Amino acid sequence: MTTSRPSPSLTATALRITRGAGAAVALLPRGLAAFAVACAGNGGSARSLLRVEAGPAAPRPGAVRVAGQAVATVLLGALCLVLAVVVLLAVARGLFYGLVDQGPYDHSWGGPGKAGAWLAHFAVATPCVFAGVAALYGIARMQERLTAPLRGERRPGWVLPAVFVFAAAGALFVVAFLRQLP
């Protein structure tokens, strides 16, 4: 007789992803607070701010190492802030398009009517919102892998370069977005 692990329900999975995305949005303030506390010399409190729970056999890293992890968390938190703003814009300009834009809809996607424009913006924004929330969840999971040395575990080799590449990509996105504004 074989037993298999029951698959999580769709609701439980959606709730887990939503909580992970919420945790990702909180990375920036948590990272800043952890950096300040680590610079003050209290590595244990900084670890708890980073939500790193080490077992009793795990070595206690110094404040400098925790501060370095906090800086990397700040980079991920800044990226999450950019993603959260993009998701909010997608919700506002896509899902609630008819409430945000009062028209005229002659040159809007799906126009010239309000219903067609709203439907077109809704159809484009919905997958963008899901992708943004999934990306936030993925960044929260990456932060867990990033802080593995604080738990006494080995960090995968791809994590630290990925943090810097993602942070650079987020910075380039912000610069490009700001340059296109009138």
Side-chain angles (χ1 to χ4, degrees), residues 4-38 46-55 58 61 65-97 121-180:
S4 64
R5 200 170 95 198
S7 62
S9 70
L10 184 60
T11 306
T13 302
L15 186 60
R16 181 175 41 99
I17 290 172
T18 304
R19 283 183 182 156
V25 172
L27 284 178
L28 182 63
R30 282 188 9 229
L32 288 172
F35 180 73
V37 170
R47 279 185 24 200
S48 67
L49 283 169
L50 293 174
R51 293 189 180 164
V52 176
E53 297 177 16
R65 186 166 199 173
V66 176
Q69 297 289 335
V71 168
T73 299
V74 166
L75 290 175
L76 286 178
L79 177 63
C80 289
L81 181 64
V82 170
L83 272 172
V85 168
V86 168
V87 168
L88 288 176
L89 283 173
V91 168
R93 296 288 298 166
L95 304 179
F96 298 117
Y97 181 73
H121 282 79
F122 180 84
V124 170
T126 302
C128 292
V129 169
F130 285 127
V133 170
L136 287 169
Y137 174 75
I139 291 172
R141 298 288 298 165
M142 187 177 359
Q143 195 269 343
E144 289 176 16
R145 289 181 178 89
L146 175 71
T147 57
L150 299 179
R151 290 186 298 275
E153 301 169 0
R154 183 179 158 105
R155 175 178 46 221
W158 61 268
V159 172
L160 200 54
V163 167
F164 292 124
V165 167
F166 290 165
L172 288 173
F173 175 79
V174 169
V175 168
F177 182 79
L178 292 176
R179 285 193 175 180
Q180 63 91 31

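Hydrogens, waters and symmetry mates play no part in the numbers below; they use all other heavy atoms, side chains included. Predicted model, so just to flag it, every value in this text is computed and none were measured.
- Looking at heavy atoms from C-beta onward, Leu79 lies out of side-chain contact with Leu75 at the 4.5 angstrom threshold.
- Dense packing is recorded around CZ of Arg155, with more than 12 heavy atoms of other residues, nucleotides or ligands lying under 6.0 Å away.
- Here the closest non-hydrogen pair linking Pro161 and Gly157 is CD-O, 3.3 Å.
- Looking only at side-chain heavy atoms (C-beta outward), Val86 and Phe173 come within less than 4.5 Å of each other.
- Scanning both residues, Leu28 and Ala78, for their nearest heavy atoms gives CD1-N, 4.0 Å.
- Annotation for Arg65 and Pro149: closest pair NH2-CB, 3.3 Å, computed over non-hydrogen atoms.
- Expressed to the nearest 0.5 Å, how far CG of Leu89 lies from CZ of Phe177 amounts to 6.0 Å.
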Validation: residues 127-146 side-chain donor-acceptor distances under 3.5 Å, sequence neighbours left out:
from	atom 1	to	atom 2	distance (Å)
Tyr137	OH	Arg16	NH1	2.8
Arg141	NH1	Glu144	OE1	2.9
Gln143	NE2	Thr73	OG1	3.3

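- Listed here is the closest heavy atom pair of Ala67 and Phe35: O-CD1, 3.7 Å.
- Shown are Leu81, Leu76, Val74; of these, the side chain to side chain contact (heavy atoms under 4.5 Å, CB included) with Leu27 is made only by Leu76.
- Taking all atoms of both residues into account, the shortest heavy-atom contact from Gly31 to Ala70 is O-CB, 3.6 Å.
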